[in-house]
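What you see is a predicted model, and the numbers here were worked out from it, not measured in a lab.
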Amino acid sequence: MSVADALRSAGGLLRRRTNAVLPYYALSAATVDVTRLPLLVGVVVAYLALTSTGQLSPLLDEFAALNPELLGPESPEALPPELGDRLAAVLFSPTVVVPVALAAAVALVVSVLVRGVTRAAALSAVDAGLATRDPLAAGVRGMRRWKTFAGLVVVRWGLLLAAGIPFLAAVVGASATLGATPGMAALGQGAVVAVLAALVGGLVSLLAVVAVVALLAFAGPAAVVDDLGLGAAVRRSAGVPFAHPVGFLLYGVVVVGTYVGLGVGTVLFGIAGVERLVAVTSAFLVSPLLDGVAVALYTDWTDAASRPAETDAESSAAADDDDERVDTGGEADESGFVFGEREPAERRDEDEDGDEDDTERIAEAVGGALRDGIRELGRFVRTGWYYVVVAAAALLAGVAGGWTATAGSGVRIGTPADPGSVFGLVPVGPFVNIAVNNWFVASNAGFAGLFAGLPTLGTLVFNGLLVGAVAGVVDPVAFVAFVGPHGVVELPAIAVAGGVGLRLGHVAWGVWRDERPTAALADELGLTWRRVVGLLAVFVVAGFVEAFVTPQVAAAVL
């Protein structure tokens, strides 16, 4: 199979099995919320410790007594030196450092473990989709490989850190040389030597990083396709560049080209003011597409390596017997690789004749997914309202906690001089960024619920704390004017997303306790994705109100 064939196969998988594959990439994006939970707990513990020991109140009183102009962007000093010293003494005291450091260590471990679960699930789903099996069910079954993929995370980052040692050693050595060089002439010569040493060390580190990435590029596909453990997957991946040098180099060109294109898109999106679209593109297009290409290539290379001595008749018989990886509804190339479900003859004729426009088909598919998502979201609110109630209570608890923490501090934030132009005259960019950002928050809250619902509760409390903290330092009328118009849509939608996550956590907990079948979790992941897609329409409305309506309401009120 050529790299072009692998690209077409991966693209076809995303077109045909979107609702079965993308849930696992939404789950991967939600690892941020899972990792943030220990950090949130650590910060809360540090805050409570500062409050109980009386170290925080004097500091807040001094902040409240400051002239707000001293903290403005044109001020020569951000804080008075004495206050800055006291603030540093409090922030770096054992009362703060110990719980935050412990929380960071726990968060690092949790990140590795969760990354192992989500990567195992995602690549298993891609492998199943390419082989015309059920991606949702395969993703759940693939989670059992979490140890292998968590080990891959540790190995990859450990090797990357080791690859940076030559550059670090060159920089340290160059600094020592400069520090021990007397005289201006000798200092100039030492600077040249230091720069050259840093360049050489940087080049060596860069080559080492490229080697690490190359040798581990197919470790994940090897673990899934061949069901290998950590050591065997690493060895198999390390052998790919030598066994298939041309294909590997072309795959590298595709990967580098894709990320260059993503970088160019980032610049263009930034110029257009819609930079948050980069996150959507990366999470739900670039990542699954490159994973699909890697799995497709590795599968074909593995199959080809296992068939060199077979006759055509033996190969055909083996393909007929291989109902684990080949489905009779598939369409295979010469190597026996299944590209996917066979399309009706009428559809193929239409595509060949160009009678049907791809853009119209994509628009129709997106519209259908939104309609289906809205229907499923409404069904969930009607039948699972108790999950939404619990989520709303967690969100309100966070709001109350944030308000309590800041309302009595004496610190006040003024309102903008011209509230009506806070987002500009035509706030299309802010509208897109707000809608996408809020949908990401909702998606993460929904899928982070897989881990017994705890990260979802943490996300709800965290966002509630932010809202409450702002409410505590802003004039109440100004707060209602700036938050009320879109908040009546946005905050309930966040609570619904939290309810979706709690429902997923409930089902997952039942599966882990063998009280529910594994298929129940696969089904719930699919439903979670449809509900999250339905929430997209809600956040588009909330984002439009926030960008176009809220500033005008605030201007009229204030």
Side-chain angles (χ1 to χ4, degrees), residues 29-48 50-51 56 60 99-100 103 107 381 384-409 411-413 434-449 451-506 531-532 535 538-539 542-543 545-546 550:
T31 56
V32 174
D33 285 40
V34 183
T35 304
R36 185 173 57 199
L37 180 60
L39 294 175
L40 176 63
V41 172
V43 170
V44 170
V45 169
Y47 169 78
L48 294 176
L50 289 176
T51 303
L56 193 60
L60 292 176
V100 171
V381 172
W385 56 268
Y386 36 91
Y387 294 106
V388 180
V389 170
V390 174
L395 184 62
L396 290 175
V399 172
W403 184 86
T404 302
T406 60
S409 65
V411 178
R412 285 291 177 265
I413 297 178
I434 290 168
V436 171
N437 183 73
N438 289 337
W439 181 73
F440 250 40
V441 171
S443 177
N444 290 348
F447 280 94
F451 301 93
L454 295 178
T456 297
L457 291 174
T459 297
L460 293 167
V461 171
F462 175 75
N463 283 276
L465 285 171
L466 294 179
V467 174
V470 173
V473 296
V474 175
D475 177 75
V477 175
F479 178 80
V480 172
F482 274 107
V483 175
H486 61 273
V488 297
V489 178
E490 185 178 303
L491 294 178
I494 293 293
V496 171
V500 170
L502 294 179
R503 167 65 186 174
L504 177 60
H506 187 192
R531 292 160 184 162
V532 166
L535 281 168
V538 179
F539 285 112
V545 172
E546 183 171 357
T550 296

So, the side chain of [X] versus the backbone of [Y]: is there a donor-acceptor pair under 3.5 Å, distance only?
X    : Y    : value
T459 : P455 : yes
T456 : A445 : yes
W439 : V532 : yes

Can you see which heavy atom on [X] is nearest to which on [Y], and at what distance?
X    : Y    : value
V473 : T406 : CG1-CB, 3.7 Å
A107 : L39  : CB-CG, 3.9 Å
Y387 : L502 : O-CD1, 3.7 Å
G499 : A391 : N-CB, 3.5 Å
H486 : A542 : CB-O, 3.7 Å
A442 : L535 : CB-CD1, 4.2 Å

Side chain proximity check, [X] to [Y], heavy atoms < 4.5 angstrom:
X    : Y    : answer
N463 : V441 : yes
F482 : D475 : no
N438 : E546 : yes

Which value, rounded to the nearest 0.5 Å, describes the distance between [X] atom [atom1] and [Y] atom [atom2]?
X    : Y    : atom1 : atom2 : result
D33  : L454 : CG    : CG    : 12.5 Å
L395 : L457 : CG    : CG    : 11.0 Å
F451 : T31  : CZ    : OG1   : 8.5 Å
N444 : R36  : CG    : CZ    : 7.5 Å
F539 : N437 : CZ    : CG    : 10.0 Å

Trace of the side chain to side chain contact (heavy atoms under 4.5 Å, CB included) decision for L40 with L465: CA-CA 11 Å; L40 176 63; L465 285 171; 4.1 Å; yes

